[in-house]
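Below is one structure, written out as structure tokens; comments come after it.
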Amino acid sequence: MTLQPSGSLTPDQPIGIFDSGVGGLSVLRSLRQTLPFESILYLADQAHVPYGPRPLEEVRAFSASITRFLLAQGAKLIVVACNAASAAALHYLRQEFPAIQFVGMEPAVKPAAETTQTNHVGVLATPATLQGSLYASVVERFAHGVVIHEDPCPGLVEQIEKGALDQPETRAILERALQPMLAAQIDTIVLGCTHYPFVIPMIRSICGQGVRVIDPAPAVARQAARLLEASGLAAPGPHPGTVQYFTSGSAGELARILQSWLGVQANVTALAWNALHLEPA
Ligand code: DGL
């Protein structure tokens with residue numbers, strides 16, 4: 001049974017999704033597969049990437065302004081496709097915008113803890129995520145009897161933003177993080193940053209096939225689908241949805257990455273920050 005659409009929102013409105021940069025594209029990819037009829041607004045805050053090393057208050061302020069922008073463009077649901085922004089702002093956003101449903105990210109410690117055979121799990125995430133209370137609560141609730149090995153992978157987000165997915169420097173960052181974890185017998189790696197699924201091939205080449213890598217994007221897409229269905233806001237089809245891309249960084253650079261990673265030819269709209277407001281550049 002579905003409920004009536006909440007407030008004045010309607011099923012034909014788009015989903016808004018944001019990240020500090022190109023990481024959220026890993027979530028967008030899953031959303032497109034799970035919800036092909038939905039139109040989507042994707043916003044990359046590349047003027048401020050990386051979020052990970054920034055104070056949580058700053059990331060919270062960016063996240064609130066981005067949410068306001070996406071709502072002004074007609075978004076009916078917001079996917080915070082960024083672990084750092086979820087750590088910093090998810091709770092605040094739900095309080096500040098009570099009429100809107102949010103889907104956030106948290107490191108997938110629960111499925112990892114449930115399936116590990118060695119009781120050693122690796123978590124790759126940025127400092128903002130590892131320091132946030134969301135992560136602490138996930139570890140406290142679900143990691144009983146499991147040793148968690150964390151690494152903030154300094155420089156990895158920047159490498160991925162540059163499109164340097166198979167460069168020696170990217171491999172060096174991952175080897176430094178993963179080798180001590182492998183020596184400690186991890187059999188599962190949780191990707192706690194939406195940028196990292198783009199280096200899964202390199203992670204696998206370092207860890208071998210015996211280590212399971214958990215990308216939370218499909219679970220996040222399923223959660224968005226459940227919320228839309230339950231609130232009567234799911235786009236009915238049959239026409240495929242469209243995606244509109246925005247960046248506070250270089251539109252040309254984002255268009256290049258979209259083409260090379262997703263095979264998508266898209267017009268990207270450039271935005272500029274004016275104090276804490278996003279405006280057309
Ligand atoms: N993709 C992000 C995350 O999931 C943010 C990375 C960053 O900007 O530091 O945490």
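One-based numbering, in listed order, for ligands and for the atoms of each.
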Worksheet item: Does any N or O in the side chain of Thr269 come within less than 3.5 Å of the main-chain N or O of Phe246, such that one atom is a donor and the other an acceptor?
Response: no

Discussion item. Test side chain to side chain donor-acceptor pair (under 3.5 Å) on Ser20 and Asp45; report intermediate values, then the result.
Written reply: CA-CA 4 Å; Ser20 59; Asp45 186 13; over 6 Å; no

Worksheet item: Under a 4.5 Å cut-off applied to non-hydrogen side-chain atoms, are Met105 and Thr194 in contact?
Response: yes

Discussion item. With a 6.0 Å cut-off on the ring centroids, do Tyr42 and Phe18 count as close?
Written reply: no

Worksheet item: Exactly which residues line ligand 1, taking a heavy atom under 4.0 Å from it as the test?
Response: Asp19, Ser20, Val49, Pro50, Tyr51, Gly52, Cys82, Asn83, Ala84, Thr126, Val157, Cys193, Thr194, His195

Discussion item. Between Glu96 and Arg60 (salt bridge meaning N to carboxylate O under 4.0 Å), is one present in this structure?
Written reply: no

Response to the item:
Exactly one of Ile148, Thr115, Val109 clears side chain to side chain contact (heavy atoms under 4.5 Å, CB included) with Val121, and that residue is Ile148

